[in-house]
Structures are given as C-alpha cells and as structure tokens.
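A short write-up of the structure that comes next.
Side chains are part of it too, since the values below use all heavy atoms of this structure and drop only hydrogens, waters and symmetry mates. The first residue in the sequence is number 1, and the count goes up from there.
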Amino acid sequence: MTHYIENKNAVVDQLNIVLANTYALYLNTQNAHWNVVGPHFHPLHQMFGEQYAELAEAIDEIAERIRALGAAAPGSLSGYAALSQIEELTAAEIKGSDALKALVNGHEKIDALIKNAQEVAAENGDEGTADMMIARLQAHEKTLWMLRNHL
C-alpha cells in the first residue's frame with residue numbers, strides 16, 4: 001500500500017533548507033576541527049571531528065530522503081548558500097571558545113529549522129520525514145549539550 005503525502009513539494013522545500021543548513025554547519029564544524037587553537041586544542045579537535053563525521057552522514061541521509069520523495073537534492077555551494085541561515089566561520093585560526101559559540105549558534109538555528117520541517121512533514125502525512133527530523137533534532141540536542149559543557 002502506497003502512503004499518500006499531501007504536499008510533497010512543501011516537505012521537499014523544508015528538507016532542502018535543512019540540508020543546506022546542515023551542510024553549512026558541517027563546514028563550520030570541519031573548519032573548527034582543522035583550525036582550532038588554544039589550551040583545549042586536543043579535546044576540542046577530537047570532539048569537532050566526531051561531530052563533523054556525524055553531520056556528513058546526516059547530509060547523505062537528508063539528501064537521500066529528498067530523492068526518495070521524487071525530487072532532486074540540491075548539491076551546489078551556491079544553492080546551499082542561498083538557503084542557509086548559518087553564518088560562515090571564517091577565521092584562519094579559531095580560538096576554542098569562538099568555535100564553540102559559533103557552533104552552538106548554528107545548532108540552535110538548525111534545531112528551529114528541523115522543528116519546522118518536522119511539523120510540515122507531519123501536517124502533510126509524511127511520517128518518514130517527520131520521524132527523520134525527530135531523530136535529527138535529538139542528534140543536534142545531544143551535540144548542543146556537548147558544546148555547551150565546554151563553554
């Protein structure tokens with residue numbers, strides 16, 4: 001039995017936003033991993049590495065969900081930049097506290113976007129996407145807990 005999703009386009013639009021912001025957060029986290037400096041370098045470097053690996057898996061999962069809904073997943077930096085609300089972390093060397101604050105801000109922004117995507121999916125009868133967004137929200141909340149405990 002095929003499950004009917006009322007408005008796939010609305011769901012895909014929200015997933016595209018979540019994907020773009022997840023990618024931006026991934027790049028910021030990877031940047032922090034590569035360029036963090038300071039007295040807590042090693043534990044932060046290790047934690048950021050684990051976090052960007054998790055985000056890389058999430059990017060793939062979200063893009064595959066978009067494809068499963070019959071749409072093309074966005075895959076360009078310009079496309080992501082147009083949809084992203086997360087500010088780019090740009091410093092060549094990043095102090096640990098600066099990286100932590102920027103990543104906390106990014107995870108807080110993406111939490112709100114994920115909640116919106118989950119609501120749109122649920123309203124349109126897309127339980128698969130709604131469940132995925134709940135799982136993503138839980139992952140971001142755990143990461144926020146970890147980041148905040150280093151501040």
Side-chain angles (χ1 to χ4, degrees), residues 10-69 71-124 126-151:
V11 174
V12 168
D13 288 347
Q14 293 304 309
L15 286 173
N16 287 341
I17 292 168
V18 170
L19 178 61
N21 282 276
T22 302
Y23 200 87
L25 187 55
Y26 164 81
L27 289 174
N28 280 352
T29 306
Q30 191 173 51
N31 187 6
H33 169 74
W34 288 339
N35 295 304
V36 69
V37 295
H40 303 290
F41 163 79
H42 189 265
L44 291 177
H45 175 77
Q46 189 170 18
M47 180 179 70
F48 295 152
E50 292 167 3
Q51 290 173 356
Y52 88 74
E54 192 279 331
L55 288 166
E57 289 180 29
I59 289 165
D60 194 52
E61 181 181 352
I62 297 163
E64 288 178 355
R65 183 64 187 167
I66 293 167
R67 293 295 298 141
L69 293 172
S76 69
L77 291 177
S78 61
Y80 290 149
L83 293 171
S84 180
Q85 298 175 16
I86 294 176
E87 292 181 32
E88 187 176 332
L89 187 59
T90 57
E93 288 188 340
I94 301 164
K95 292 180 181 169
S97 62
D98 294 340
L100 291 165
K101 289 174 187 172
L103 295 177
V104 163
N105 187 38
H107 282 277
E108 288 173 344
K109 284 183 180 181
I110 206 164
D111 274 4
L113 298 170
I114 288 170
K115 287 175 184 174
N116 191 56
Q118 188 276 330
E119 289 173 9
V120 169
E123 288 168 2
N124 285 286
D126 184 354
E127 288 130 4
T129 299
D131 286 348
M132 175 191 281
M133 292 298 99
I134 290 169
R136 291 301 320 138
L137 184 61
Q138 291 170 336
H140 287 283
E141 287 173 345
K142 182 177 180 181
T143 300
L144 273 165
W145 168 58
M146 297 288 179
L147 293 169
R148 286 178 178 141
N149 277 307
H150 282 276
L151 286 173

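Distance check, rounded to the nearest 0.5 Å: CD1 of I86 to CG of L25 gives 4.5 Å. For the atom pair CE (M133) and CD (Q138), the distance works out to 12.0 Å, reported to the nearest 0.5 Å. A distance of 11.5 Å separates CD of Q14 from CD1 of I114, quoted to the nearest 0.5 Å. Summarising the geometry, atom CG belonging to N105 is positioned 12.0 Å from atom CD1 belonging to I110; distances are rounded to the nearest 0.5 Å. Annotation: the span from L55 atom CG to T22 atom OG1 amounts to 7.0 Å, rounded to 0.5 Å. Going from atom NZ of K109 over to atom NE2 of H140 covers 14.5 Å, rounded to the nearest 0.5 Å.
Enclosure of atom CD in E57 is not indicated, since only 12 or fewer non-hydrogen atoms of other residues, nucleotides or ligands lie within 6.0 angstrom. Counted within 6.0 Å of CD on E87, heavy atoms from surrounding residues, nucleotides or ligands total 12 or fewer; the atom is thus considered open. Residue H40 qualifies as open at atom NE2: its count of foreign heavy atoms under 6.0 Å is 12 or below.
Considering all non-hydrogen atoms of both residues, R136 and A58 come closest at CZ-CB, 3.3 Å. Smallest separation of non-hydrogen atoms from L83 and A20: CB-CB, 3.5 Å. V36 and G96 make their closest contact through CG2-CA, 3.8 Å (heavy atoms, listed as atom of the first residue, atom of the second, distance). Residues A139 and E54 share a closest heavy-atom pair of CB-OE2, 3.8 Å. In terms of heavy atoms, A24 sits closest to S84 at CB-OG, 3.3 Å. Residues I66 and P74 come closest through the heavy atom pair CD1-CD, 4.2 Å.
Side chains of M146 and Q51 form a contact here, defined as non-hydrogen atoms less than 4.5 Å apart. Side chains of L113 and Q85 form a contact here, defined as non-hydrogen atoms less than 4.5 Å apart. Counting heavy atoms from C-beta outward, L77 and Y23 have side chains that approach closer than 4.5 Å. Put simply, the side chain of L15 reaches to within 4.5 Å of the side chain of L69, judged on heavy atoms. With contacts defined as side-chain heavy-atom distances shorter than 4.5 Å, the pair R65/E61 does not qualify. Contact of the N149 side chain with the W145 side chain is registered, since non-hydrogen atoms from C-beta on lie closer than 4.5 Å. Considering only heavy atoms from C-beta on, N124 stays 4.5 Å or farther from T129 through its side chain.
Aromatic ring orientation, Y52 versus Y26: perpendicular (interplanar angle above 60°, classes split at 30° and 60°).
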Item checked: CA sep, side-chain torsions, deciding dist, call: L103, F48, side chain to side chain contact (heavy atoms under 4.5 Å, CB included) -> CA-CA 10 Å; L103 295 177; F48 295 152; 3.5 Å; yes
Margin query: Before you tell me yes or no, could you show the steps for N116 and I17 under side chain to side chain contact (heavy atoms under 4.5 Å, CB included), namely the whole-Å CA-CA distance, both residues' side-chain angles and the distance that decides it to 0.1 Å?
Written below: CA-CA 10 Å; N116 191 56; I17 292 168; over 6 Å; no
Margin query: Please evaluate residues E88 and L27 with respect to the criterion side chain to side chain contact (heavy atoms under 4.5 Å, CB included), reporting the C-alpha separation (whole Å), side-chain torsions for both, the decisive distance (0.1 Å), and the verdict.
Written below: CA-CA 8 Å; E88 187 176 332; L27 289 174; over 6 Å; no
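The only option from L100, T29, T143 that meets the side-chain contact (heavy atoms from CB on, under 4.5 Å) definition with M47 turns out to be L100.
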